[in-house]
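When reading the values below, keep in mind they use all heavy atoms of this one structure, side chains included, and skip hydrogens, waters and symmetry mates.
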Amino acid sequence: MAFTPDSSVAIILVNWNGLEFTRACLASLEKVDYPDFQVFLVDNASQNPEGKILKEAFPQILLLENEQNLGFAGGNNVGIRKALEMGFSHIMLLNNDTEVEPYFLGEMMLDFSKNPKLGILQPMICFLDKREIIWSAGGKWVSWLGRAKTLGDRKVLESYQPKSNQLDWATGCCMLLSREAILKAGLLNEQYFAYFEDVDWSLRIRKYGFEIGLVPDAKIYHEAGASSKKSHSEGTLSASVFYYHVRNQFFLLRSQKTRLGFIYHLGRFKLWIFYFLLRGRFQKLKAVATGIKDGLFTPLKPIARWL
């Protein structure tokens with residue numbers, strides 16, 4: 001693998017009560033063949049001292065511990081700020097429930113070296129338990145509906161041919177960004193907490209003239225939603241997942257000023273409410289209704305910047 005000179009990568013993992021997933025991810029990162037990268041582990045106030053346990057097992061990582069759960073956006077911003085302070089040229093967000101191929105980072109950095117207009121790159125992401133099936137080949141933004149569509153979803157990897165390697169948005173499951181893109185567009189929007197912050201960030205970065213690309217030859221594998229899948233009385237996904245999904249969808253629509261999208265998504269979410277009513281899932285029904293209200297009427301906060 002040919003590597004790019006004078007390029008350093010900070011790989012940021014946020015851990016929240018995900019010890020075994022994070023351990024497996026860190027073990028796979030130990031095999032990465034790119035010569036200049038540092039793993040930042042941000043522990044989001046796990047119930048047990050998981051950050052310290054992982055630091056003992058993987059002493060080469062840089063551990064940052066939060067006193068409270070700041071969510072995906074806030075937790076990653078802690079790592080991003082530290083990486084920018086330390087002067088890294090590129091920053092990667094990587095979900096803790098992933099495992100990576102040793103060559104994936106070298107392939108992505110090689111693409112960065114070929115195109116100075118790039119702001120974000122995403123690898124090909126497949127399911128961890130079905131490695132021949134695609135979880136995400138990037139994202140398309142359907143602007144008139146305000147819809148973030150995942151490309152390649154559940155397609156067979158071997159037969160999938162992307163129409164283009166240019167993307168509208170990259171998933172926060174694994175996105176590699178240039179320092180310049182972050183400095184111009186700002187950090188992740190912490191008001192989102194979790195869900196759609198990656199779409200918002202991607203669209204902001206594109207507005208500053210940066211391109212977003214897919215690197216099909218760089219592959220990683222994703223458990224998909226490990227932190228939000230826990231059995232309870234109303235199914236696997238918690239009510240809070242539905243709340244953040246609905247609320248943040250409207251945050252995104254408001255920031256993009258997509259009028260028709262409000263009608264489309266209000267219709268979708270009313271169908272969710274009807275479904276949950278029929279199934280007797282009243283916590284989820286309340287979460288969706290509250291998400292609609294908060295998403296439409298909560299004042300939007302300004303984007304945080306490093307400097």
Would you tabulate the side-chain donor-acceptor contacts of residues 136-161 under 3.5 Å, counting partners in other chains and residues two or more places apart, or write 'none'?
residue: Ser136; atom: OG; partner: Gln122; partner atom: NE2; Å: 3.2
residue: Ser136; atom: OG; partner: Gly138; partner atom: N; Å: 3.1
residue: Ser159; atom: OG; partner: Val156; partner atom: O; Å: 3.4

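Between the side chains of Glu211 and Asn115, at least one donor N or O sits under 3.5 Å from an acceptor N or O. Side chains of Gln249 and Tyr195: a donor-acceptor N/O pair is absent below 3.5 angstrom, by distance only. A side-chain donor from one of Gln60 and Glu30 sits under 3.5 Å from a side-chain acceptor of the other. Judged by distance alone, the side chains of Asp36 and Ser8 never bring a donor and an acceptor atom under 3.5 Å apart. Counting only N and O atoms by type, the side chains of Asp217 and Tyr103 include no donor and acceptor under 3.5 Å apart. A donor atom on one side chain and an acceptor atom on the other are not found under 3.5 Å apart for Asn189 and Glu197.
A side-chain contact (heavy atoms from CB on, under 4.5 Å) with Ile11 holds for exactly one of Phe40, Tyr34, Phe88, Phe37; it is Phe37.
Taking the side chain as every heavy atom from C-beta outward, Val78 and Leu70 approach each other to under 4.5 Å. Looking at heavy atoms from C-beta onward, Glu85 lies in side-chain contact with Trp306 at the 4.5 angstrom threshold. Side-chain atoms of Cys174 and Ile125, non-hydrogen and from C-beta on, do get closer than 4.5 Å to each other. Side-chain contact check for Glu99 versus His222: every heavy-atom pair is 4.5 Å or farther apart.
To the nearest 0.5 Å, atom OG of residue Ser28 and atom CZ of residue Phe104 are 7.5 Å apart. Distance CD1/Ile182 to NE2/His90: 9.5 Å, rounded to 0.5 Å. Between the CG atom of Leu41 and the OG1 atom of Thr22 there is a distance of 6.5 Å, given to the nearest 0.5 Å.
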Quick one: do Tyr192 and Phe251 satisfy ring-ring contact (aromatic ring centres under 6.0 Å, His included)? Show the steps, please.
CA-CA 8 Å; Tyr192 282 62; Phe251 281 174; 5.8 Å; yes

For a side chain to side chain contact (heavy atoms under 4.5 Å, CB included) check, start with the C-alpha distance between Asp200 and Ser255, then their side-chain angles and the critical distance, and finish with the verdict.
CA-CA 8 Å; Asp200 171 77; Ser255 68; 4.0 Å; yes

Apply side chain to side chain donor-acceptor pair (under 3.5 Å) to Asp294 and Tyr243, showing your working.
CA-CA 9 Å; Asp294 291 350; Tyr243 169 76; 2.6 Å; yes

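We find that Arg23 and Glu50 are not joined by a salt bridge, their nearest charged nitrogen and carboxylate oxygen being 4.0 Å or further apart. A salt bridge between Arg81 and Glu190 is present, with a side-chain N of the basic residue lying under 4.0 Å from a carboxylate O of the acidic one.
Note: His265 and Phe250 have perpendicular aromatic rings, judged against thresholds of 30 and 60 degrees for the angle between ring planes.
Around the NZ atom of Lys55, the shell of radius 6.0 Å holds more than 12 heavy atoms that belong to other residues, nucleotides or ligands. For NZ of Lys219, the number of neighbouring non-hydrogen atoms (other residues, nucleotides, ligands) closer than 6.0 Å is greater than 12.
Annotation: cation-pi pair Arg281/Phe276 absent, no NZ/CZ under 6.0 Å from the ring centroid and within 45° of its normal.
Side-chain N or O atoms of Thr171 include one that pairs as donor or acceptor with a backbone N or O of Cys173 at under 3.5 Å. In this structure, Lys284 contributes its side chain and Leu237 its backbone to a donor-acceptor pair below 3.5 Å. Between the Arg247 side chain and the Leu296 main chain, no donor and acceptor come within less than 3.5 Å of each other. For the pair Thr98 (side chain) and Asn95 (backbone), a donor-acceptor distance under 3.5 Å is present. Between the side chain of Ser46 and the main chain of Asn17, a donor-acceptor pair closer than 3.5 Å is present.
Here the two rings, on Tyr275 and Trp272, have centers that are 6.0 Å apart or farther.
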